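Numbers here simply count residues along the sequence, with the first being 1. It should be emphasised that the depicted structure is a prediction, and the values quoted were computed from it without experimental measurement.
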Amino acid sequence: MLRSLVGSEMCIRDRYVVNPSGGLISKGHPLGATGLAQCAELNWQLRGEAGPRQVPNAKVGLQHNLGLGGAVVVTMYEKPQEWMGVPPKRKATGAMGFEPSTTSKL
């Protein structure tokens with residue numbers, strides 16, 4: 001199992017998906033906002049609102065964050081049973097919660 005988690009074949013179609021958004025480094029690793037970014041991504045995944053990063057049939061998510069001074073937080077998220085089969089309430093976007101048509105391209 002460890003090989004499948006860290007191997008180069010890792011993609012959204014696999015059973016275990018790690019960082020479909022590219023992880024915190026892809027967000028610039030902003031101090032203080034990293035935990036919130038992880039929380040938002042996992043909620044978007046469970047709601048089916050993650051756009052092209054969407055993990056099909058996402059049911060659970062794990063957040064692990066290390067902070068300054070040795071603070072450690074591990075949080076498990078689970079999609080509620082009553083959400084199963086319910087379409088997302090918000091439109092799925094192509095970027096980190098932003099509308100693709102208004103996102104600047106560098």
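- In the displayed structure, Q81 atom CD is contacted under 6.0 Å by at most 12 heavy atoms of other residues, nucleotides or ligands.
- Nearest heavy atoms, P20 versus E41: CG-OE2, 4.2 Å.
- Every side chain to side chain contact (heavy atoms under 4.5 Å, CB included) that N65 has, sequence neighbours left out, goes to T34, Q38.
- Residues that satisfy the side chain to side chain contact (heavy atoms under 4.5 Å, CB included) test with P87, not counting sequence neighbours, are absent from this structure.
- Summarising the geometry of Q45 relative to Q54, their closest heavy-atom pair is O-NE2, 2.9 Å, with the distance given to 0.1 Å.
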Check against side chain to side chain contact (heavy atoms under 4.5 Å, CB included), V74 and L62
CA-CA 7 Å; V74 177; L62 174 74; 3.6 Å; yes

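- Residues P88 and G48 share a closest heavy-atom pair of CG-O, 3.4 Å.
- When hydrophobic side chains of Ile, Leu, Val, Met, Phe, Trp and Tyr are connected at separations under 4.5 Å, L46 ends up clustered with L42, Y77.
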For K59 and M84, what are the C-alpha separation, side-chain angles and deciding distance, and is it a side chain to side chain contact (heavy atoms under 4.5 Å, CB included)?
CA-CA 9 Å; K59 294 182 181 102; M84 301 297 183; 4.1 Å; yes

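- Using a 4.5 Å cut-off on side-chain heavy atoms (C-beta onward), Q63 and M76 make no contact.
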